[in-house]
Amino acid sequence: MAKTPAQRIKKHGSKAAVPQHHLPPVVNPSTNRTPQKAENNSNLILIAGVVASLFLFWYLHLLTLDQLRQLTTGGLAMPDSLIGGFDAHYIGQLHATMDDDARGQLNYVHKTAGTLFPLIFGFTWLLLIGTSVPRKALRWALWALPLLFVVVRLWANVAIDGVLASETPDAGQVALASGLTIAGWVLLVLSLLAGAAAVLLKPRKAKATES
């Protein structure tokens with residue numbers, strides 16, 4: 001019968017051979033995080049975000065809003081689609097052609113695709129800029145554009161719904177909704193340019209290593 005380590009020490013003293021027990025090292029290659037893996041993960045998220053943003057833009061502006069234009073307004077474009085804004089006369093025409101059901105449909109679009117598009121686009125562009133621009137001051141300056149776009153676009157949704165819900169909207173309401181719509185389109189273009197600039201400013205580590 002094999003003796004325990006305590007029994008061996010008692011019998012042989014310091015000369016006792018006591019086997020050493022070592023726990024095997026825990027190796028999980030999947031948990032090894034490297035800068036390369038982190039970059040690959042962020043690239044996958046970026047690709048998914050860009051694809052989702054493109055799809056939502058198409059679904060919102062080129063499909064849903066255009067269908068509302070064809071089916072509910074007799075050809076008058078939705079306020080969201082007017083890059084140059086609109087005036088009180090145009091809103092009056094829309095109000096005369098859109099019934100409560102049509103206005104409800106536009107409100108639903110604003111709460112779904114009209115909310116998802118700026119949020120997903122904004123998150124994607126924040127990640128793109130954050131992973132591409134090393135300089136903190138420049139990064140925050142570029143971040144300001146997609147952040148402002150999200151705020152302005154969501155605010156414009158509420159303003160447009162409010163204008164169309166009112167039978168006699170005042171000039172101030174119309175001007176605010178129009179200004180927010182124009183600002184949203186301008187900020188969208190500027191955000192796209194900021195994203196392109198971030199890609200150009202991204203350090204080329206691989207090329208530096210090869211050279």
Grouping I, L, V, M, F, W and Y whenever their side-chain heavy atoms are under 4.5 Å apart, do L145 and V199 come out in a common cluster? yes
Kindly say whether L180 contributes a backbone atom to a donor-acceptor pair with the side chain of W155 at under 3.5 angstrom? no
D99 side, atom CG; T72 side, atom OG1 - distance, nearest 0.5 Å: 8.0 Å
Could you tell me which non-hydrogen atom of V150 sits nearest to which non-hydrogen atom of G122, and how far apart they are? CG2-CA, 3.8 Å
Within the side chain of R139, is there an N or O that forms a donor-acceptor pair under 3.5 Å with the backbone of G130? no
L190 side chain reached by L148 side chain, heavy atoms, under 4.5 Å: no
For a 4.5 angstrom cut-off between non-hydrogen side-chain atoms, does P146 reach I129? yes
Start with the C-alpha distance between Q105 and V109, add both sets of side-chain angles, then the distance that settles side chain to side chain contact (heavy atoms under 4.5 Å, CB included), and finish with yes or no. CA-CA 6 Å; Q105 290 181 41; V109 170; 5.6 Å; no
Side-chain heavy-atom pair T73, M78 within 4.5 angstrom cut-off: yes
More than 12 foreign heavy atoms under 6.0 Å from CD of Q70: is that the case here? yes
When Ile, Leu, Val, Met, Phe, Trp and Tyr are grouped by side-chain heavy atoms lying under 4.5 Å apart, directly or through other members, which residues fall in the same group as L71? none
Does F57, at its CZ atom, have more than 12 non-hydrogen atoms belonging to other residues, nucleotides or ligands within less than 6.0 Å? yes
Return yes if some donor-acceptor pair links the side-chain N/O of Q173 with the main-chain N/O of D170 below 3.5 Å, else return no. yes
For the hydrophobic clusters of this structure (ILVMFWY residues joined by side-chain heavy atoms under 4.5 Å, transitively), does one cluster hold both L126 and V152? no
Are W125 and L201 in one and the same hydrophobic cluster, where Ile, Leu, Val, Met, Phe, Trp and Tyr link if side-chain heavy atoms are under 4.5 Å apart? no
Taking C-beta and beyond as the side chain, do L154 and L119 meet within less than 4.5 Å on heavy atoms? yes
Shared hydrophobic cluster, F55 / L116 (ILVMFWY, side-chain heavy atoms < 4.5 Å): yes
Heavy-atom closest pair, residues T124 and I120: OG1-O, 2.8 Å
dist L76:CG -> H95:NE2 (nearest 0.5 Å) comes out at 13.5 Å
Does the side chain to side chain contact (heavy atoms under 4.5 Å, CB included) test come out yes or no for L192 and F149, once each step is laid out? CA-CA 11 Å; L192 292 172; F149 167 74; over 6 Å; no
If hydrophobic clusters are built by linking Ile, Leu, Val, Met, Phe, Trp and Tyr wherever their side-chain heavy atoms come under 4.5 Å apart, do I47 and L54 end up in the same one? no
Counting N and O atoms only, with roles assigned by atom type, does the side chain of T112 sit under 3.5 Å from a partner on the main chain of Y108, one being a donor and the other an acceptor? yes
Applying side chain to side chain contact (heavy atoms under 4.5 Å, CB included) to R69 and L65, what does each step give before you reach the verdict? CA-CA 6 Å; R69 175 186 66 82; L65 293 179; over 6 Å; no
Is the backbone N or O of I83 less than 3.5 Å from a side-chain atom of T181, with the two atoms forming a donor-acceptor pair by type? no
Any pair counted as side chain to side chain donor-acceptor pair (under 3.5 Å), so long as it reaches residues 51-64, sequence neighbours left out: none
Does T131 use its side chain to pair, donor to acceptor, with the backbone of L128 at less than 3.5 Å? yes
What pair of heavy atoms forms the shortest contact from S132 to P203, and how long is it? O-CD, 3.5 Å
Would you give the length of the straight line joining atom CD1 of I160 to atom CG of D80, rounded to the nearest 0.5 angstrom? 4.0 Å
Look only at the side chain of T97 and the backbone of L94, and say whether a donor-acceptor pair between them is shorter than 3.5 Å. yes
Applying side chain to side chain contact (heavy atoms under 4.5 Å, CB included), run through W185 and L188 and close with a yes or a no. CA-CA 5 Å; W185 283 105; L188 176 61; 4.1 Å; yes
Between CG on residue L187 and CD1 on residue I182, distance to nearest 0.5 Å: 12.0 Å
Could you state the interatomic distance from OG (S81) to CG (L60), rounded to the nearest 0.5 Å? 7.5 Å
Spacing of L106 atom CG and M98 atom CE [to the nearest 0.5 Å]: 5.0 Å
Between R103 and N107: side-chain donor-acceptor atoms closer than 3.5 Å: no
